[in-house]
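So the structure is just underneath, and the comments pick up after that.
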Amino acid sequence: MKLDGRYLNLAKIADSGQCFRMTPSGKGFEIIASGRHVLVCHEGDSIVVKGDNDQAFWKHYFDLKTDYPAILASVDPDDVFLQTACAYSKGLCILNQEPFETLISFIISQRKSIKAIRICVEKLADRFGEKLGSRYLFPTPKALANANLQCLQDCAVGYRAAYIQKTAQMVASGEVNLNALYQLNHQDLVQELCHFPGVGVKVASCVSLFAYHNMEAFPRDVWIMRVEEQEYGGRFPEEKYPHMAGFLQQCMFFYGKSPDYRVKTVKNP
DNA sequence: AACCAGGGGTACC
DNA sequence: GGTACCCATGGT
C-alpha cells in the first residue's frame, strides 16, 4: 500500500519523541500501533506500508489531511528562531495515536529519557501484550489492570508502576471512557486526564496532542522551557498560533534537542 | 561518578 | 497558592 509521502520524513518522526514504537528496520521503520504491525519506508514521493492494507487508518495515523506546508508558511517571518526550528523539522507531523497507549507511555515519560521510555514500553508489551507475528502489541487496559505490581516494576518503570496499574484499572473498569473524551475540547480534556494518577498538566497536554490531536496543546517539558527561556525571555506566546501551537511545539522540541541548536547556544566567555 | 531525563504527589508554610 | 523535597531507573 502506498501513501502520499511528499511532505513526511519518517526518520524525523521516529526520532521526535511523540511515539515510542517506531524503530529503524532495514531501509525503513517498524511501527506497532492500534493492533497493527507494519513496515514503512520511503519510495520516491510515496510511503510504502507493508503488513496492513487499511489505507484509511494509515492516512489518519500520519495525519495526511493536515496541510503542514501551509502551517509552516504561516509562521511569523520575524521569529527567526521559530523559522529555523520549523525548517529543521520539515517532515514532522503530529501522529494520531491510540489514547490508552499514549496515556501510559507519557505517564512513564516523567523524569525519563526517550530511550529509557522506549525500553519500558517495549518491556510492558513483551510481558503483557498480545503476540502478533514476531512482536507484541501494546497491552490492553485489562491486562495492565490485572498486572501484579512487582511484575510492572520489573519493566523498569520504578515508582510509576502504581500509577500505571491504577490508571489501567480506571480505564478497564469503565470509570473513564477514553473514547468518549474525543468530544471534549483541549482544556476540558486536560482537566479530565489529570484525574489519573501520575498525570499532571504536562502529561495530559502530550496525550491531548499526540492521541486526541488537539493542535492548541502546548506541552511544556524541561527542553521547551529551556528554549523558551533562551529565545523568548520566559514564555512562547502559543496563543498566537491557536490551531498549530502543538505542531510548533514539536518543532521547537525537535530542534531544541538537536546538536545543531545545542552547539549554537553554548556560551563560551 | 555526579548529573540529568518530554514531572507529579505530598507536606509544609 | 506557592514551594521544597521526594520519588526508581537508565544513560551520559
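Labels below follow one simple rule: chain letters A, B, ... track the order of the sequence lines, proteins then strands, and each chain is numbered from 1. All heavy atoms count here, side chains included; hydrogens, waters and symmetry mates do not.
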Open item on the list: Check the phosphate of B/dG8 against A/R220, side-chain N and O only, distance under 4.0 Å to OP1 or OP2. Yes or no?
Closed with: no
Open item on the list: Quick check on the 6.0 Å ring-centre criterion: do A/Y163 and A/F196 meet it?
Closed with: no
- [ ] For the residue pair A/F218 and A/F236, categorise the inter-ring angle as parallel (less than 30°), tilted (30 to 60°) or perpendicular (more than 60°).
- [x] parallel
- [ ] Run the salt-bridge test on A/D52 and A/R36 with the 4.0 Å N-O cut-off and return the result as yes or no.
- [x] yes
Open item on the list: Please give the distance between the P atoms of C/dA8 and B/dA11 as a whole number of Å.
Closed with: 15 Å
Open item on the list: Give me each pair satisfying side-chain hydrogen bond (donor to acceptor under 3.5 Å, both in side chains) with a member in residues 122-141 of chain A, each pair once, sequence neighbours excluded.
Closed with: A/R21-A/E122, A/E30-A/R135, A/E122-A/R135
Open item on the list: So, under a plain 3.5 Å distance rule, would you say the side chain of A/Y163 forms a donor-acceptor pair with the base of B/dG9?
Closed with: no
Open item on the list: What is the separation between atom CZ on A/F106 and atom C1' on B/dG8, rounded to the nearest whole Å?
Closed with: 16 Å
- [ ] Sequence neighbours left out, what passes salt bridge (charged side-chain N to carboxylate O under 4.0 Å, His left out) with A/K240? Give chain and number order.
- [x] A/D76
TODO: Identify the 5'-most and 3'-most nucleotides of DNA chain C with at least one atom closer than 4.0 Å to a non-hydrogen atom of chain A.
DONE: C/dC7 to C/dT12
TODO: Specify the separation, in whole Å, of atom CZ of A/R118 and atom P of B/dA5.
DONE: 17 Å
Task: Gap between atoms CD1 and P, on A/I108 and B/dG7 respectively (whole Å) - done: 13 Å
Open item on the list: Let me spell it out: for each of A/Q110 and A/A116, pick the nucleotide of DNA chain C with the closest heavy atom. Which residue's pick is nearer the 5' end?
Closed with: A/Q110
Open item on the list: List the residues meeting side chain to side chain donor-acceptor pair (under 3.5 Å) with A/S105, not counting sequence neighbours, and say none if there are none.
Closed with: none
- [ ] Could you identify which residues of residues 193-215 of chain A place a heavy atom less than 4.0 Å from some atom of DNA chain C, listed by residue number, or say none?
- [x] none
Task: All salt bridge (charged side-chain N to carboxylate O under 4.0 Å, His left out) counterparts of A/E216, not counting sequence neighbours - done: none
Open item on the list: What is the distance, to the nearest angstrom, from the CD1 atom on A/I117 to the P atom on B/dG7?
Closed with: 8 Å
- [ ] Look at the aromatic rings of A/Y255 and A/F81 and report parallel, tilted or perpendicular, splitting at 30° and 60°.
- [x] tilted
Task: Exercise: do A/Y7 and A/D67 side chains pair donor with acceptor under 3.5 Å - done: no
TODO: Please state how far atom CG in A/D221 lies from atom P in B/dC4, giving the value in whole angstrom units.
DONE: 15 Å
Task: Nearest-Å distance for atom pair CZ/P, residues A/R160 and B/dG9 - done: 13 Å
Open item on the list: What is the distance, to the nearest angstrom, from the CD1 atom on A/I107 to the C1' atom on B/dG9?
Closed with: 13 Å
TODO: To the nearest Å, give me how far apart OH (A/Y159) and P (B/dA5) are.
DONE: 13 Å
Open item on the list: Considering every strand and a 4.0 Å limit on heavy-atom distances, what is the contact class for A/S105: base, sugar-phosphate, or nothing?
Closed with: nothing
